[in-house]
Amino acid sequence: MAKTEIRVGGLGGQGVILCGSIIGKAAAIHGGKHATLIQAFGPEARGSACSAQVTVSDDVIGYPYVKNPDILVLMSQDAFNQFIPQLKPGGMVLYEAELVKPDGKLPEGVRAMGVPATRFAEELGRRLVLNIVMVGFFAGVTGLLPFEAVEKAVLDSVPRGTEELNLKALKKGYDFGREQAV
Amino acid sequence: MAKTEIRVGGLGGQGVILCGSIIGKAAAIHGGKHATLIQAFGPEARGSACSAQVTVSDDVIGYPYVKNPDILVLMSQDAFNQFIPQLKPGGMVLYEAELVKPDGKLPEGVRAMGVPATRFAEELGRRLVLNIVMVGFFAGVTGLLPFEAVEKAVLDSVPRGTEELNLKALKKGYDFGREQAV
Amino acid sequence: MHADPKGVLTGVHFIDGDHAACEGALAAGCRFVAGYPITPSTEIVERFAHRIPKVGGVFIQMEDELAASIAIQGAVWGGQKVMNVTSGPGLSLMMEHLGYAFITETPCVWIDVQRCGPSTGMPTGPAQHDMMQVKWGSHGDFQIIALCPNSPQECFDFTIRAFNMAETWRVPVFLMMDEVVGHMTERVDIPEASEIEVVERKWTKKKPGEYKVYETTPEDPVPEMVKAGDGYRIHVTGLTHNEKGYPDMTVPNQERMLGRLIGKITQNAHKLVDVREDGVEGADVVVVSYGITSRVAMAAVEQARAKGAKVGSARLVIAWPFPAERMKEIARTAKVFVVPEMNMGQMVQEVERAVAGAAKVVSVPHAGGSVHEVDTILNAIMEAAR
Amino acid sequence: MHADPKGVLTGVHFIDGDHAACEGALAAGCRFVAGYPITPSTEIVERFAHRIPKVGGVFIQMEDELAASIAIQGAVWGGQKVMNVTSGPGLSLMMEHLGYAFITETPCVWIDVQRCGPSTGMPTGPAQHDMMQVKWGSHGDFQIIALCPNSPQECFDFTIRAFNMAETWRVPVFLMMDEVVGHMTERVDIPEASEIEVVERKWTKKKPGEYKVYETTPEDPVPEMVKAGDGYRIHVTGLTHNEKGYPDMTVPNQERMLGRLIGKITQNAHKLVDVREDGVEGADVVVVSYGITSRVAMAAVEQARAKGAKVGSARLVIAWPFPAERMKEIARTAKVFVVPEMNMGQMVQEVERAVAGAAKVVSVPHAGGSVHEVDTILNAIMEAAR
Amino acid sequence: MSLLMDQSAEELECGMDNPVLPFLRKDRIPHIWCPGCGIGTTVNSFCRALGDSGMDLDKIAIVSGIGCTGRTAGYLNLDSFHTTHGRAIPFATGLKLANPDLKVVVYSGDGDLTAIGGNHFMHAARRNMDIMVVCINNFTYGMTGGQVAPTTPLGPTQTTMPFGNFESSFNLPFLADACGAVYVARWTVYHVRQLAKAMKEGLQKKGFVFIEAMAPCPTLYSRRNRLGDGVDQVKYFKERSTIKNGVDTKDVGLTYQGDIVVGKFVDRDRPTWMDSMNDHFGKVLGDKYETYGAHHG
Amino acid sequence: MSLLMDQSAEELECGMDNPVLPFLRKDRIPHIWCPGCGIGTTVNSFCRALGDSGMDLDKIAIVSGIGCTGRTAGYLNLDSFHTTHGRAIPFATGLKLANPDLKVVVYSGDGDLTAIGGNHFMHAARRNMDIMVVCINNFTYGMTGGQVAPTTPLGPTQTTMPFGNFESSFNLPFLADACGAVYVARWTVYHVRQLAKAMKEGLQKKGFVFIEAMAPCPTLYSRRNRLGDGVDQVKYFKERSTIKNGVDTKDVGLTYQGDIVVGKFVDRDRPTWMDSMNDHFGKVLGDKYETYGAHHG
Amino acid sequence: MSDDQQRKGRGTVFVKEEVCKGCSYCIDFCPTHALEFAREFNAKGYHYPVLGRPDDCTGCDNCGLYCPDFAIYGARWKDIDEKKKAK
Amino acid sequence: MSDDQQRKGRGTVFVKEEVCKGCSYCIDFCPTHALEFAREFNAKGYHYPVLGRPDDCTGCDNCGLYCPDFAIYGARWKDIDEKKKAK
Ligand SMILES: Cc1ncc(C[n+]2csc(CCOP(=O)(O)OP(=O)(O)O)c2C)c(N)n1
Ligand SMILES: Cc1ncc(C[n+]2csc(CCOP(=O)(O)OP(=O)(O)O)c2C)c(N)n1
Ligand code: SF4
Ligand code: SF4
Ligand code: SF4
Ligand code: SF4
Ligand code: SF4
Ligand code: SF4
Ligand SMILES: [Mg+2]
Ligand SMILES: [Mg+2]
C-alpha cells in the first residue's frame, strides 16, 4: 500500500497546478496507480501563492489532502518558507535553483536538490515551460513513475503545437534529475 | 359565555366588509364585548363574492371562524344561496329585499327579514350607504348591541364629511329593524 | 427606554393584524421601510406609507424584494430601525440577504405573512409553511429568532418585542404571521408611549480610535454599533471577517466568527424561548401549536377536556430558537404530543427530535388554504388519549 | 435507453469534479444550460459552454441566477434536459424557482458546489452547509432528492443518476458537491455510450384530446409529459392547480395536489435511499457522513479500528430523502452515532430524529473552509467508543 | 358540462360563433378580470392577431408572469405558461432556445415586466432574444391592490403613494429602444385594430419585439383617482392620443391624463441571439458545426 | 506592527508621505488586485477626487458589490460596505435615505452593476436617487475568472464564450442616460486626471451620477485575448480615445479594441427622489409636514 | 333574428348575457350607437347590452373588438347567411 | 536624496518597493521617461521602478497618479523642502 504525498508550490502563473496535474495524470492514467490532485488557491485567487497537493498511491485514496508531504516541488521562495515545516522527516525537496535559496533552512535528514529550471526553459526559448522542466526533474530524481507515463501525460496536457517544446523541457529536466539522483 | 356568530355576504363593492367591521367595532370597542372579524375574498379578490365573518362574544374568542352562523346578513342572491345551508337551526336571516329573493328556500324555524336597503340608500341620495342601512337594520332587529355603540362605530369608520348621511342611513335601517322586530 | 410618542397611536382600535403590526413597528421606533407589495402582507407597508410622513421617516417601494431586503440593511447602517415585510415568494427572493443580515449583524425585523404555497400556490389562503424556511433558507449556517402572534393585539405587541430582540441580539428577528392573523380584525389596545419599553440600539460610547466594529467581550457576544457618518470609518462585509470587520478568510477565523455568531442564539436559547402552557402538568396528551393554529387547537383542547381527556396545551410563542429543553421536560410526564400545523409537518420534526423517543409524537398536518377544522385536531387528541 | 454517443466523452480522464459533473450531464442528455458564474461551480458551465457547440445544444449565460433558474425550466417545457449550476449565494437567489420547479413538476438537475458561508463567507473554501437549505429553502412545503458524490468519478456517475431520477420523479434533483470535490482531480472513467443507462423523459403516448398535463393514476403518481409545440395546448402554472393544469384554488384541491406532490417522494423514500455501509453490523460506533467528509471519516474509521474500536461507517449517498428507517435499524445495535459534517450540525438533526433516543448521537461540526482533520473525527469516535 | 361560452341556440341555428373563441380556453371563461378592465380587450386584440397572422397555433407559446395581466396565459388556447413574478422573459428565453420552432410571446403587466422583471427585460432586448413582449400598462399593480408602479405618472394616488405619486416613471418605449429592441410600438385599448395589427406584425417579426398596450384598471387606478370607470379611461385614450409612427422614442413619455403618443416607433433588423450564435459558430468552427435549430421549422 | 505602507526612513526625514494614504486603509495594502489591474488606478483617481473635493470624509460612505472591483470598499478609509453581488445600489439607497447627511458612492464592477444589478441601476436612475455610481468596466467578470459580461464587446474570448463573444453588449452611458441619470461621463484608466475631476464633480453633484471607468483586466481579458499586459491596454485607451463632451450618448457605444469616445456626456438637473418627496409632502400635507432630513447637515 | 322580417339593419349582434360585466365598452364604441343597456340584470348583477336600435347595426363587430369579456360580437347578415348555408 | 548634491532634476520619486507589482504604468506614463525597472526583484518577484534618469524627473507625480498599487509618488523638491521645514 505504497503512498507518496507530494506538494507542489509556487506563484500563480508559474504553472504550478499543471505541474501537479501532469504528475497525477501520469500516475493515474498512464502509470497504473491512483492519484488525487487538490488545488489550493489562496482566498484571493490571482497573483499570489498557489499550490497543488498530489497523492500517488497503489490503493484507492481516501483522505485527499497532503498534510505532511514526502516530496516538495518548489518554485518560489515563499512556497519554500511555507512548506518546508510540513515536510515529512527524511523527505525530499526539489526546487527551482534560481528562485529558491534553501540557505541552510533545511531540516536534518532531508534530501534537497535544485534544478535551474527557469534557465533551462529560457534556453529552450520559452520561460513558460519551467513547470515541465520541474516535472521532468521530479520524474528523473524520484523514479516514482515510468518516464513514458510522464511523457504521455505531458502530451495530453499541453496545448496543441507545443508538444515538441514541452517534451524537450521534460527531457531536459528528467536527464538533469537522473544525474542528480545518482 | 354568550357568543353570536354572524356572516355578512354580498358582492365586492357593496361594502360587505365595512358592514361586518362596524358590527365588530361596535361590539369590541364601544359595546364592552369581544369581537373578531374575518374577511374572506375569493381567490380572485375583485368583482366577485365577498363575505365577512363576525363573532361577538362576552368572552375571549378562540377559534375565529364562523362555520354555522347564528345570523346571516345578505346582500346578494349568490351569497344567499351560498350561506343559507350553513345557518344554525333556528337562526336568523337579514337580507336586502330587492337583491335577494328567499323564494321558499328557507329552512324551517328560521326567522327571515328583508329590508329595502338599496332603495332607502337611494332615497338618502347615495346607493353606497346601503351597507350602513344593513348595519342599522341588524342593530334594530337583533338588539345585540346598544344603538349608541353602533352609532359610534359608524362615526369611526366612515370618511370625513359623510358622517351625517351615514348616520341617517343607520337610523333608517335601525328604525325599520325595530319595527320588524316587534 | 420608552417609545417615541410620535409613532405611538395610543388608544383602542379595531384593526387587523397587518395594521397592528405596522403600528407596533412605528411604536418600536421603525422609521424606514423599503417594501415590495405581496399579498397578504401589503397592508402593512401600505399603512406604513400612509403614516410615516407625519411621524418622520421614509417609505420607499423598491423595484423588487432583492432590493427591498438589502435597502433596509443599508438604512440600519445609516442609523434607522427598519423592517422587511413580505410573504412566501418574496421571502424566497430575500434568502441571500437573510444571510447577509446575519453575518453582518444588522439588526432588523422581518415580517412574513405566510400564505399558501408552494410557489404561487393560493395567494389569499393562509399557511404556516415557511417555518423551516426562515430557519434554513439561506445558504450557510445561521440563526434567527421567530415569534408567532395569534391575534392583532399580539401582532402589535410582538412586533415591538421583535424590534427589541433585534437590537439586543443583532440577528434577524421574524414575525411569523399568516394570512388569517394578518387579515383578522380584533380590538387592539395601544398604550401610552411611556408604557412601551423600547430597546435602543446598542450605540458604542467608544471613540473612533478605540472602537472595532465587531469587537465583543467574553461576557457579551453582541458587539456595539455605530452608524455611517459618525467618523468611525467602519468596514462591513459579508466575507468571513475579523473584529475590525476586515476580511480574514482563514479556517480558524471562520471558526471564531461563526462560533460567536451562532452561539449568540444557541447559547442564549434559554433566555429566548417562550412557551405558553395551559394544563400541561398531569396531562397525558400535550398539544403543541403556534400562531393562528394555537387558537384552533385551544378550541379542540377545550372540547377534548369536556370529553374527559387529560390534555394540555403548549403554545410556541417563540418558535425559533425551539424550546427543546422544555419539550424534553414535558415528555417526562406526557405520553403523546399532538402537533397541528398548517403545513405538511415542520415544527413537529423539532418536537420529535427534542423528545427523542420519550413520548409519542403525532403530526396533524394541513396542506394550507384555511385553518384546521377543530374536529381534525380534536380527533387526533382523542385518538392519542385512548 | 442508452446515452446519445454524441455527448459521451468515452475514455479515461484525469479531471476534476466540476468537469466530471459536466461530462455526466452531457452523457445524460443535457443539452441546455442557462448559467451564471459563481465560484466554485463556474468550471462546470465553462466546460459546458466549450463542449456544447459540437454536441448540439445551447449554453447561455444569463444576467443573474433568477433568470438562470427559470430559463432552464422554460427549456424543459421546450423539450430539453437541463441543469442548473450554482453555489450558495446563487442558490439563495433561486429559492423561488425551486418551488416553481416542484409545483410544476419540471424535471431538472440542480448542482450546488457548496462553498463556505454564510453570506459571501469564504468563496474558495469548502463546506456542506446548504444541506438543509435545499430541503427547506423555498417557501411552502416541497420535496427534493439530493445526492452527495465524494469523487470526480462519482460526480460523473451521480450526475447521470440525478438526471435519471429527475425524469423518473419529476422533482428537482440536487447534486450536492462541495469545493473540494469540485476542484479535486482524479481519474474518471467514462464508458461507452451503450453502457450508459439514460432515462428518457416520460413522453405521453396520448393524443391531444385525451391528455391532461397533470393526470396520474393510483399506481403511478408521476404524470406524463409533453413539450410546447406538440399541439397539446397545455397550461402550466405555479398556482394550486388541477389535473388540467388550471388554477383550482380550493382547500380540497390543494390537499389533493400537494398530497400527491409530496407523496411522490415520501411514499417512495424506500426506493430512493442509498446508504453505503462498511462494518456497521456489530459496530458500537457508527460514523454517518456524506460527500467529501465520508472520505475523511473513512480515514478516521480505519485508524480507530486499528486502535481496536468497533466502528462502522454509513455513508449517505443520498441525503434526501433521508434514510430514517435504516438509521432506526442501525440504532438497534449501535450505541453511538458520530456525525461529522462541514457545517454546524445539519444532517445530524435528521439522525437524532430518526434514532429517537435509541442511541446516542454525537455531532462533529466544522465551520467550513477546509475538510475536518482526521484526528478530530478520530477523537470523537474514540470518545464515543469508550 | 355546459359552458357559458357554448354556442347559444341562436348561434347554433346559423352556425355562428364568437370569432375569438378558437383562441381561448372556453372552459375558463368568464375570466377573473373586473368589469371594464382593459386587459380583456387587449386579449381580444391578441386573438385577432393570432387569427390574422395565419400562423400555426400549435407553434405559438405564451408566457406570463404574475399579476392580473399575468392570468392571460391561463385563458389563451395555446401552450401557455404562468410563471413567477417578473420572470416571464427568462422563462420564455429558455423555452424559445430549447425549441426554436416556437414563436414565444410574453404577455404580462407593467409591474411584472419593468419593476421586478426589469433586468430580464433589458438584457433580453440587448441580446435581441427572439420573443415578442406585450406589456399591458395600467399604471399600477393591479393584482395586489393598486400600489405605485414604475409606470405610474406623477400625481395619482396609489396605496403606497397615498398622498399622490412623487416618483418619476419610465418611458417604456424609450427604454426598450435604448436596450436594443427591434420593434417598438405603443397603442391603447381604444386602438383595438391598430393594436391587433401591431401584435400581428410582432408575431411575424424576428427578434425582440416590444408592444406597450395602455389599459384601464378601473378598480384600482381610475376610480381611486376619480377618473371614472374603464370606459371613461378609454375615452381619455381616444381623446388625447396622437399617432406618430417613427417618432423618436425619447419623446413619447407619458404624463398623468396628459397627451399620449401612440404608433409604431421602431422597426429595424439585427440578428437575433440564436442567429448570432449559429453564424458565429459556423464561422469559427466551420463545417464541424451543425446549425442549432436547423432541423426545426 | 509595521506596515508596508508605513513611511520609510527617507520619507520620515522630509515629512513626506504618499498623498493618497489618508484615503486608504493602510493596513490592508498591498491589495489583492493583479499586477497591472486598472482598478487600483481608478481608486487612485478616486482618492485624488476625495482630496480635491474638500468634503468631510466622515460624511462620505462607499458601497461595493462583489467582484474584484467590489473589494474597493475594503481599501478606502471611509465608512465602507462590501455588500452582496449586484446589490450595492439598493444598499446605498437605504443608507442614503436613512442618513441624508451622507454622500454615498457606489463603486463596483460592470458585471455587478449591469448584469445581476441591472434592475437596481435602472430604477435608481429613474428615481434620481442621490448617489454616485462608479462602474469599473473591464469588459469581464474578473473575480470569477473571466466570463462574458454584458459589456464584453463582440469578438474576444471569455471562458463562457470560449469561441469568442457573439452577444451584443450595452452602451452603458446611453443606458444611464435613458434611465434618467443627471450626470454621465466615461473615462479610461489612461485619463487619470479627467477621471479624478469627474469623480470630484460627481461627489459634488446632487442626484444619480454615473461614471464609467474603462480599466484593463490583464489577467483575464487582455492576456487571454493576446492584447498584452495592463499597460498595453492603457496604451490602447490612450491611442484610440477621443474626448467628446456633451455628445449624444447614443453614439458612444464601444467595439472590440475600436475607437473610444470619452468625456462628460450628460450634466443636467432634476429633483432627487428625496427632494421630490419633501416637496410633494410639503405641498400636500402643508405645515404639518416636517421636511425629512432637514435636521441633518 | 334569423327571421327575415326582423332584419332591420345590415347586421346584428350575439350576446352572451351571463358573461357580460356591463362595462359599456360595446355601447360607447359602437359607431352607430345601436346598442343600449338592458333593463335587466344578469345573475352577477350586471346590465348587459341589447340591440336597442337594430336598424342602425351594420354588423361591423366593433363591439366585439372592444369587449373585454368576449361577451358580444357583431356580424353582417350577409356573413350570417353564408355561414348558415355552409352548415 | 535629501542631499543637495544628489538633486539633479526638479523633483524626485518615493517608491515602496515591496508593494510594487511591476506593472510599468509609472515607467510608461512618465512624461520625461525618467523611470526604469530595477534589475532586482522584490520579495514577491517583481521588478520595481527606479529613477534611472534623475535629471529628467520634474516631480510631476504622474507616476503617482497612475500607480494602481500606491507604490510610488513623485514630488517637487520645492514642496519637499517646504514639508521638511514645516516639520
Ligand atoms: C416574488 C413576488 N413578489 C410579489 C408578488 C406579488 N405580486 C403579484 S402581482 C404583482 C404586481 C402586478 O402588477 P402588474 O405586473 O402591473 O400586473 P397587473 O396586475 O397590473 O396586470 C405583485 C407585486 C408575487 N406574486 N411574487
Ligand atoms: C449571487 C452571486 N452570484 C454570483 C457570484 C459570483 N461572482 C462574484 S463577482 C462576480 C462578477 C464580477 O464581475 P464584475 O462585477 O465585472 O467585477 P470585476 O471582478 O470584473 O471587477 C460574480 C459572478 C456571487 N458572489 N454572488
Ligand atoms: S384590478 Fe385592475 S387590472 Fe386587475 S382585473 Fe381589476 S381592473 Fe383589471
Ligand atoms: S482578475 Fe482582472 S480585474 Fe481582477 S484583480 Fe486581476 S486584473 Fe484586476
Ligand atoms: S356590430 Fe357594429 S354597429 Fe352593430 S352593435 Fe356592434 S359595433 Fe354597433
Ligand atoms: S363590452 Fe362586453 S362586457 Fe362590456 S357591456 Fe358590452 S358585452 Fe358587456
Ligand atoms: S514625478 Fe513625474 S517626472 Fe518624476 S518620475 Fe514621476 S512621472 Fe516621471
Ligand atoms: S506603477 Fe506602481 S506597481 Fe506599477 S511598476 Fe510602477 S510602482 Fe510598481
Ligand atoms: Mg399593472
Ligand atoms: Mg468586470
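Below, chain A is the first sequence line, B the second, and so on; all start at residue 1.
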Intermediate values then yes/no, side chain to side chain donor-acceptor pair (under 3.5 Å), Gln128(C) and Thr293(C):
CA-CA 9 Å; Gln128(C) 298 179 310; Thr293(C) 306; 2.7 Å; yes

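- The candidate from Arg115(D), Gln254(D), Glu352(D) with the greatest count of non-hydrogen atom pairs under 4.5 Å with chain C is Gln254(D).
- For a residue to count as touching a neighbouring chain, one of its non-hydrogen atoms must lie under 4.5 Å from one of that chain's; by this rule Tyr100(C) touches chain D with backbone and side chain alike.
- Side-chain N/O atoms of Gln114(C) and Asp112(C) include no donor and acceptor closer than 3.5 Å.
- Using a 4.5 Å heavy-atom cut-off against chain D, the contacting residues of residues 63-71 of chain C are Leu66(C).
- His129(D) and Asp141(C) share a side-chain donor-acceptor pair at under 3.5 Å.
- Ranked by heavy-atom pairs shorter than 4.5 Å toward chain D, the options Gly88(C), Pro118(C), Gly357(C) are led by Pro118(C).
- Comparing Arg256(D), Met122(D), Met131(D) by how many heavy-atom pairs each has under 4.5 Å with chain C, the most go to Met122(D).
- By the salt bridge (charged side-chain N to carboxylate O under 4.0 Å, His left out) test, Lys135(C) pairs with no residue at all, sequence neighbours left out.
- One finds no salt bridge joining Glu329(C) and Arg332(C) here, because no Lys/Arg side-chain nitrogen approaches an Asp/Glu carboxylate oxygen to under 4.0 Å.
- Here Gly137(D) is the residue among Ala127(D), Gly368(D), Gly345(D), Gly137(D) with the most heavy-atom pairs under 4.5 Å with chain C.
- Using a 4.5 Å cut-off between heavy atoms, Thr250(C) contacts chain D through its backbone alone, with no side-chain atom that close.
- Taking each heavy atom of Val288(D) and Phe337(D) in turn, the nearest pair found is CG2-CD2, 3.6 Å.
- Looking at every heavy atom in both residues, Met347(C) comes nearest to Phe322(C) through CE-CD1, 3.6 Å.
- Heavy atoms closer than 4.5 Å to chain D are found nowhere in Leu91(C), neither backbone nor side chain.
- Contact detail for Met249(C) and Pro123(D): the closest heavy-atom pair is SD-CD, 3.9 Å.
- Looking only at distances, no side-chain donor or acceptor of Gln143(C) sits under 3.5 Å from a matching main-chain atom of Ile265(C).
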I would like to know whether Arg353(D) and Glu350(C) meet salt bridge (charged side-chain N to carboxylate O under 4.0 Å, His left out); could you show each step before the answer?
CA-CA 8 Å; Arg353(D) 198 158 68 85; Glu350(C) 291 297 308; over 6 Å; no

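- Between chain D and the options Met257(C), Gln349(C), Glu96(C), the largest number of non-hydrogen pairs under 4.5 Å is found for Gln349(C).
- Classified by interplanar angle (parallel below 30°, tilted 30° to 60°, perpendicular above 60°), the ring pair His372(D)/His366(D) is perpendicular.
- Your options are Gly259(D), Ser138(D), Ser87(D), Pro365(D), and the one with the most heavy-atom pairs under 4.5 Å with chain C is Ser138(D).
- If you check the side chains of Ser92(D) and Gln133(D), you find a donor sitting under 3.5 Å from an acceptor.
- Ranked by non-hydrogen atom pairs under 4.5 Å with chain D, the options His241(C), Met344(C), His97(C) are led by Met344(C).
- Your options are Met94(C), Gln346(C), Glu255(C), and the one with the most heavy-atom pairs under 4.5 Å with chain D is Gln346(C).
- Ranked by heavy-atom pairs under 4.5 Å with chain D, the list Gly117(C), Ser119(C), Cys116(C) is led by Ser119(C).
- When each of Ser370(C), Pro89(C), Gly369(C), Gly99(C) is scored by its heavy-atom pairs under 4.5 Å with chain D, the top score falls to Pro89(C).
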